[in-house]
Amino acid sequence: MLRSHNCGELNIKDIDKKVVLCGWVQKSRDLGGMTFIDLRDRYGITQLVFNMNTDAELCKKARKIGREYVIKAKGIVVERSNKNKNMPTGEIEIIVNDLEILNESKVPPFTIEDNTDGGEALRMKYRYLDLRRNVNKNNLVLRHKMAMEIRNYLNAADFLEIETPFLIKSTPEGARDFVVPSRMNTGKFYALPQSPQTFKQLLMIAGLDRYYQIVRCFRDEDLRADRQPEFTQIDCEMSFVEQEDILNIFEGLAKHLFKTIKNIDADTFPRITFADAMKYYGSDKPDIRFDMKFVELNDVMQGKGFKVFDDAEIVVGICAENCGSYSRKQLDKLTDFVKKPQVGAKGLVYIKCNDDGTFKSSVDKFYSQEDLKIVAEKTNAKPGDLVLILSGETEHTRKALCELRLEMGNRLGLRDPEKFAPLWVTDFPLFEWSEDKQRFLAKHHPFTAPKPEDLDLLEKDKKNVRSNAYDLVINGNEIGGGSIRIHDKNLQKRMFRALGFTEEQAQQQFGFLMNAFEYGAPPHGGIAFGFDRWCAVLSGSESIRDFIAFPKNNSGRDIMIDSPSSISDEQLDELNLKNIEKE
Ligand code: ASP
């Protein structure tokens, strides 16, 4: 090793030791007789000292060294007179007696500091410099620890880590595939996996019983905020299990991570059905760090002559505690918020619960104090609180009220990133209507098992078929999802038919799985977690990008390596991409 110690480990116990340190120059200060250099590596920062009076040559050499130079310094550990209690090495410094420049550096395009002056695009372009900053480095350290603890937990539970192929077959269901042309099979394409779903099911048929993989997945989706075209899943599958077993094992994994990463002892996770999540929170990934549940008010608010409410499918409200003193201006702002296109409400009705027990609402014309009192009781509003009400078509109104609830949660400081509220959402619908395609699609994927009691509805009433599918949600983020699978070939055929596949299409696309089902498929089920997201949520961060070493930008580009980019004519030729003939 070129060094005897790293830059984060020396302290008062090491006084008088002869040491050799290597690292990058964070900054250097020249104070006339003395020159100080902060030397940084992955482990920390140690102060180096050069004294003009004792070694003028060396001191002059040190003065010439610029930021981010890579150096090797030999010296002696001494106690600092000016101690910095905020850093682990802050009580010592190194009096240097030998200095070697291992490599020079250009002046970096932004400062390598916690609060950098570099904009996002510049930092993405020089990601290797950005990764020298503590925040990013710490995120990667956390990611590593998470991966290690996940493996520890799953290995101890007899899971096998098994790799599945990246070059697979394109399937039209789900998101858009990234495709890779095959040189050896002219005019043919592989697809990159959106998830190893079918392979993990085949591993269960193979008898491997418990599988996991921390695996890259690829989805060519339009990049909404904080999505990456390639991301990592913790992908798991188990045989001879029911939903309850999966929820228990993976609640165990989540608790293990809370404990080992955050030192939190989590209680049993609450469970809520999809239907109730929509009814009470207007979302299938409710943030339950705070209550503020929806209360339906049709019975009190309709039939009193207020046309907007009378014509609505649903009238639904929430109680914002201690907001009864909101000014006209604050209420106007909230009205503007709900009218934003992203929220999409037409207007907002409020009821202020005055301290003297009276009420003041934006619809006083239509409602008596008695009516408003009933609303207050239903919504649990006390004097000083504010009831906010939206109305309209059910699904749309619930979604808008969900946004308003989250906004009020933010305003009231109820969404503390250091507080964690996990829950399971269960009983997802099996199908989802697609406006685009004008047909029902699988809400999770076509291998998800319907609830046995809803089997009869598969052909008759798709909208109301529930499935054995579940999501793990933490702080309003979907962390993972999975399902019990269909393992019966006839039911799988029925499912494909219900999704509008002809027998031939099903055979062509999923024949390999259907055939495998002919050879003794065990009952099985599984789940996959978004690893990047889980890292971000446990760190109280909104952005998965910060937990990926080399992420892509909002347009799916890696601006550091300039990808995607054109390929040469020769490559195009070789791949036969100049004139692909359709079969
Ligand atoms: N493959 C599914 C997904 O990526 C997860 C699962 O059902 O296990 O969402």
Side-chain angles (χ1 to χ4, degrees), residues 150 154 159-166 168-178 191-205 208-221 224 227-239 241-243 245-251 253-254 274 284-285 424-432 441-451 466-474 477-487 492 495 499 509-510 513 521-534 544:
I150 289 160
L154 293 173
F159 282 80
L160 300 174
E161 185 167 10
I162 303 173
E163 288 158 282
T164 52
F166 276 175
I168 64 166
K169 181 185 166 86
S170 183
T171 53
E173 209 71 2
R176 221 173 280 112
D177 286 322
F178 279 104
L192 300 178
Q194 295 181 27
S195 88
Q197 184 60 36
T198 48
F199 289 96
K200 65 175 172 176
Q201 292 192 242
L202 292 169
L203 289 173
M204 294 305 106
I205 297 173
L208 288 149
D209 193 69
R210 290 182 171 204
Y211 140 96
Y212 80 98
Q213 187 179 191
I214 300 183
V215 61
R216 200 67 54 80
C217 299
F218 306 85
R219 294 185 190 171
D220 188 5
E221 290 171 303
R224 278 179 276 150
R227 287 283 178 105
Q228 287 281 312
E230 51 178 307
F231 61 97
T232 303
Q233 282 194 346
I234 309 156
D235 191 46
C236 310
E237 196 77 7
M238 303 172 77
S239 291
V241 285
E242 292 174 334
Q243 170 166 312
D245 305 306
I246 303 228
L247 299 193
N248 286 334
I249 292 246
F250 292 99
E251 185 162 322
L253 171 65
F274 172 87
D284 59 1
K285 43 180 175 37
W424 291 105
V425 180
T426 62
D427 298 9
F428 273 81
L430 188 64
F431 300 104
E432 178 174 53
L441 304 177
K443 172 123 181 118
H444 189 49
H445 50 54
F447 317 109
T448 293
K451 282 204 171 289
R466 290 163 309 156
S467 66
N468 276 326
Y470 32 78
D471 275 359
L472 174 64
V473 174
I474 304 179
N477 296 282
E478 181 198 329
I479 296 296
S483 59
I484 295 300
R485 325 298 183 191
I486 298 170
H487 66 282
Q492 186 65 68
M495 179 68 184
L499 286 167
Q509 279 161 34
F510 298 107
L513 189 70
H524 60 290
I527 192 163
F529 301 94
F531 183 43
D532 316 287
R533 172 83 51 209
W534 208 343
I544 64 168

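Ligands are counted one by one from 1 in listed order, and the atoms in each one are counted from 1 as well. This chain uses plain numbering: 1 for the first residue, then up along the sequence. Owing to the predicted nature of the structure, the values given are computational and were not obtained by experimental measurement.
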Who are the ring pair (Phe, Tyr, Trp, His ring centres under 6.0 Å) partners of F529, not counting sequence neighbours?
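Once residues adjacent in sequence are excluded, the partners of F529 under the ring pair (Phe, Tyr, Trp, His ring centres under 6.0 Å) criterion are F250, W534.
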Between F199 and Y211, does the ring centre distance come in under 6.0 Å?
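Between F199 and Y211, the centre distance exceeds or equals 6.0 Å.
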Just to verify, what does E432 make a salt bridge (charged side-chain N to carboxylate O under 4.0 Å, His left out) with, not counting sequence neighbours?
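E432 satisfies salt bridge (charged side-chain N to carboxylate O under 4.0 Å, His left out) with K443 only.
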Any side-chain donor near an acceptor of the partner, Q213 and T164, under 3.5 Å
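The answer is yes; a qualifying pair exists.
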Can you sort out the partners of H444 under side-chain contact (heavy atoms from CB on, under 4.5 Å), two or more places apart, ordered by chain and number?
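Listed in chain order: T448, S483, R485.
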Could you tell me the separation between the CG atom of D235 and the OH atom of Y212, rounded to the nearest 0.5 Å?
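Going from CG on D235 over to OH on Y212, the span is 12.0 Å.
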What short N/O contacts, under 3.5 Å, does ligand 1 make with the protein, listed by atom pair and distance?
residue: ligand 1; atom: 1 (N); partner: S195; partner atom: OG; Å: 3.1
residue: ligand 1; atom: 1 (N); partner: Q197; partner atom: OE1; Å: 2.7
residue: ligand 1; atom: 4 (O); partner: R219; partner atom: NH2; Å: 3.1
residue: ligand 1; atom: 4 (O); partner: Q233; partner atom: NE2; Å: 3.0
residue: ligand 1; atom: 7 (O); partner: Q197; partner atom: OE1; Å: 3.4
residue: ligand 1; atom: 7 (O); partner: H444; partner atom: NE2; Å: 2.7
residue: ligand 1; atom: 7 (O); partner: H445; partner atom: NE2; Å: 2.9
residue: ligand 1; atom: 7 (O); partner: R485; partner atom: NH1; Å: 2.8
residue: ligand 1; atom: 7 (O); partner: R485; partner atom: NH2; Å: 3.3
residue: ligand 1; atom: 8 (O); partner: K200; partner atom: NZ; Å: 2.6
residue: ligand 1; atom: 8 (O); partner: R485; partner atom: NH2; Å: 2.8

